[in-house]
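For reference, the structure is listed below as structure tokens.
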Amino acid sequence: QVQLVESGGGSVQAGGSLRLSCVFSGYTYSTYPMGWFRQAPGKEREGLAAIGSDGSTSYADSVKGRFTISKDNAKNTLYLQMNSLKAEDTAMYYCAADLRPMTAVQALGGIAMDYWGKGTLVTISS
């Protein structure tokens, strides 16, 4: 059974940093696409960063240069390093994965991913 469990959320001041983690289980994720998404109250879900099955990465313009996605296959963990956080980054953050091959661009916004974690809350105070 595929499972994704996020952690690392919390409350920080604007300008600070957080690192989110997503531990995955159920199959070997080393070659499958994974990504980070967020949803703020009253807003649509937004794709932030993704790693494609081809190893490519892609970022939303809103986080490019501030967020970095990475994956440690030995630890079965996906990470999102978030720096220079802003109040508008406040949201519930989710990781997602899929068993179908896709590029990072497709994973970020073109194709809905099949597996999702329950999310971790990030609150940024200004």
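All of these numbers come straight from a predicted model, not from anything done at the bench. Numbers here are sequence positions counted from 1.
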Worksheet item: How close do Ser126 and Ala87 get, heavy atom to heavy atom, and via which atoms?
Response: CB-CB, 4.3 Å

Discussion item. Quick one: does any side-chain atom of Thr120 pair with a main-chain N or O of Gly9 as donor and acceptor, under 3.5 Å?
Written reply: yes

Discussion item. Using a 3.5 Å distance criterion without hydrogens, assess whether the side chain of Asn73 forms a donor-acceptor pair with backbone atoms of Asn76.
Written reply: no

Worksheet entry | side-chain contact (heavy atoms from CB on, under 4.5 Å) evaluation trace for Arg19 with Met82 | CA-CA 6 Å; Arg19 188 177 78 159; Met82 306 187 297; over 6 Å; no

Item to complete: Please examine the side chains of Leu18 and Val122, heavy atoms only from C-beta on, and report whether any two atoms are closer than 4.5 Å.
Response: yes

Worksheet entry | All pairs passing salt bridge (charged side-chain N to carboxylate O under 4.0 Å, His left out) where residues 114-126 contributes a residue, at least two apart | Arg100-Asp114

Worksheet item: Excluding sequence neighbours, so at least two apart, what forms side chain to side chain donor-acceptor pair (under 3.5 Å) with Arg45?
Response: none

Worksheet entry | Minimum side-chain heavy-atom gap Ser21-Glu6 below 4.5 Å | no

Practice prompt. For residues Pro33 and Met102, report the shortest heavy-atom separation together with the two atoms involved.
Written response: CG-CG, 3.4 Å

Worksheet item: Within a strict 4.5 Å, meaning less than it, do heavy atoms of the Tyr115 and Asp98 side chains meet?
Response: no

Fill in: Tyr32 reachable from Ile69 in the ILVMFWY side-chain graph, under 4.5 Å edges
yes

Worksheet item: Going hydrophobic residue to hydrophobic residue with side-chain gaps under 4.5 angstrom, can you get from Met92 over to Trp116?
Response: yes

Worksheet item: Given the rule in the side-chain contact (heavy atoms from CB on, under 4.5 Å) test, do Leu48 and Phe37 qualify, once you have shown the distances and angles that lead to the verdict?
Response: CA-CA 5 Å; Leu48 302 176; Phe37 300 76; 5.6 Å; no

Discussion item. Is there a side-chain contact between Leu4 and Leu78 in this structure, where contact means two heavy atoms from C-beta onward sitting under 4.5 Å apart?
Written reply: no

Worksheet entry | N-O pairing of Lys86 and Asp89 below 4.0 Å | no

Discussion item. Is there a path of hydrophobic side-chain contacts, each under 4.5 Å between heavy atoms, that joins Trp36 and Ile51?
Written reply: yes

Discussion item. If you define the side chain from C-beta out and look only at heavy atoms, does anything of Ile124 sit under 4.5 Å from Val12?
Written reply: yes

Worksheet item: What residues, two or more places apart in sequence or in another chain, satisfy side chain to side chain donor-acceptor pair (under 3.5 Å) together with Ser17?
Response: Asn83

Worksheet item: Can you check whether Asp54's main-chain N or O pairs, donor with acceptor, with Ser56's side chain at less than 3.5 Å?
Response: no

Worksheet item: Where do Ala40 and Thr90 come nearest, in terms of heavy atoms and distance?
Response: CB-O, 3.6 Å

Worksheet item: With sequence neighbours left out, which residue pairs that include part of residues 77-108 fulfil the disulfide bond (SG atoms under 2.5 Å apart) condition?
Response: Cys22-Cys95

Practice prompt. Only counting residues at least two apart or in another chain, list the ones meeting side chain to side chain donor-acceptor pair (under 3.5 Å) with Glu46.
Written response: Arg38, Ser62

Worksheet item: With sequence neighbours left out, which residue pairs that include part of residues 45-96 fulfil the ring-ring contact (aromatic ring centres under 6.0 Å, His included) condition?
Response: none

Worksheet entry | Polar side-chain atom of Gln3 near backbone of Ser25 as donor-acceptor pair, under 3.5 Å | no

